[in-house]
Amino acid sequence: MKLTTRGFTLVELMIVIAIIGILAAALFPSLTSYLKRSRDAARSAHVKDISTAIGAYYSDRERYLATGTGCITSALLGTSYMEAGVPTDPTASRSNGCGQPGFYLYASGTSTAGSPQFALAAIFENDNGGNFLNGTGQ
């Protein structure tokens, strides 16, 4: 009677598992960097959208939202300028400096020349990016 062995030996399986582990370890840092960059792109798009809505608000009312510093929310801006409401940070648990996690920082006031202006701030995750500030004034 002839004995035939089917399947893999334990050593062969261990080698394959080790190779897969090495490849996974090499890909993990690039994957996390990709996720950070995608969330940063969403933050940048949110700030641009909010900035456009605030510009429309200023165009209609000839003033910016409440003067001071705080979070930009749907309650402050209203839904007529952003139908889906003010977007929040992709990582909702992060605080952007306004005291409420998930919202973007908003500030408005007047410049030294007396013209009204506003600023929006979002904190980026990318080590090469830093903070992103976008403000406009008239």
**Request:** Looking only at non-hydrogen atoms, find the nearest pair between A66 and S108 and report the distance.
**Result:** O-OG, 2.8 Å
**Message:** With rounding to the nearest 0.5 angstrom, report the CD1 to CD1 distance, I17 to I22.
**Reply:** 12.5 Å
**Request:** Could you grab the distance from atom CD of Q117 to atom OG1 of T110, nearest 0.5 Å is fine?
**Result:** 7.5 Å
**Request:** Quick one: pull up CG in D89 and CD1 in I123 and give me the separation to the nearest 0.5 Å.
**Result:** 8.5 Å
**Request:** Compare all side-chain heavy atoms of T91 with those of K36 and state whether any distance is below 4.5 angstrom.
**Result:** no
**Prompt:** Is the shortest distance from a Lys or Arg side-chain nitrogen in D40 or R37 to a carboxylate oxygen in the other one below 4.0 Å?
**Reply:** no
**Complete:** Minimal heavy-atom distance between Y58 and P116, with the atoms involved, is OH-CG, 3.4 Å
**Item:** For the student: nearest non-hydrogen atoms of R39 and P90, plus distance
**Value:** O-CG, 3.7 Å
**Message:** When you compare the side chain of T73 with that of L77, does any pair of heavy atoms fall below 4.5 Å?
**Reply:** no
**Fill in**
Interatomic distance, CG@L120 vs CD1@I72, rounded to 0.5 Å, equals 6.5 Å
**Message:** Taking S115's backbone N and O only, do any of them form a donor-acceptor pair with S111's side chain (distance below 3.5 Å, no angle check)?
**Reply:** yes
**Request:** Enter the distance from F103:CZ to I50:CD1 here, rounded to the nearest 0.5 Å.
**Result:** 10.0 Å
**Asked** Given the rule that I, L, V, M, F, W and Y join up when any side-chain heavy atoms are under 4.5 Å apart, are I15 and L23 in one cluster?
**Response** yes
**Prompt:** Is there a donor-acceptor pair under 3.5 Å between the side chain of T9 and the backbone N or O of E12?
**Reply:** yes
**Request:** Say whether, by atom type as modelled, one donor and one acceptor occur between the side chain of S74 and the main chain of V86 under 3.5 angstrom.
**Result:** yes
**Request:** Name all pairs fulfilling the ring pair (Phe, Tyr, Trp, His ring centres under 6.0 Å) condition that reach into residues 32-57, sequence neighbours left out, sorted by first residue then second.
**Result:** H46-Y104, Y57-Y81
**Prompt:** Would you say the side chain of L76 lies within less than 4.5 Å of the side chain of Y106, judging by non-hydrogen atoms?
**Reply:** yes
**Prompt:** Between A107 and T69, which heavy-atom pair has the shortest distance, and what is it?
**Reply:** CB-OG1, 3.7 Å
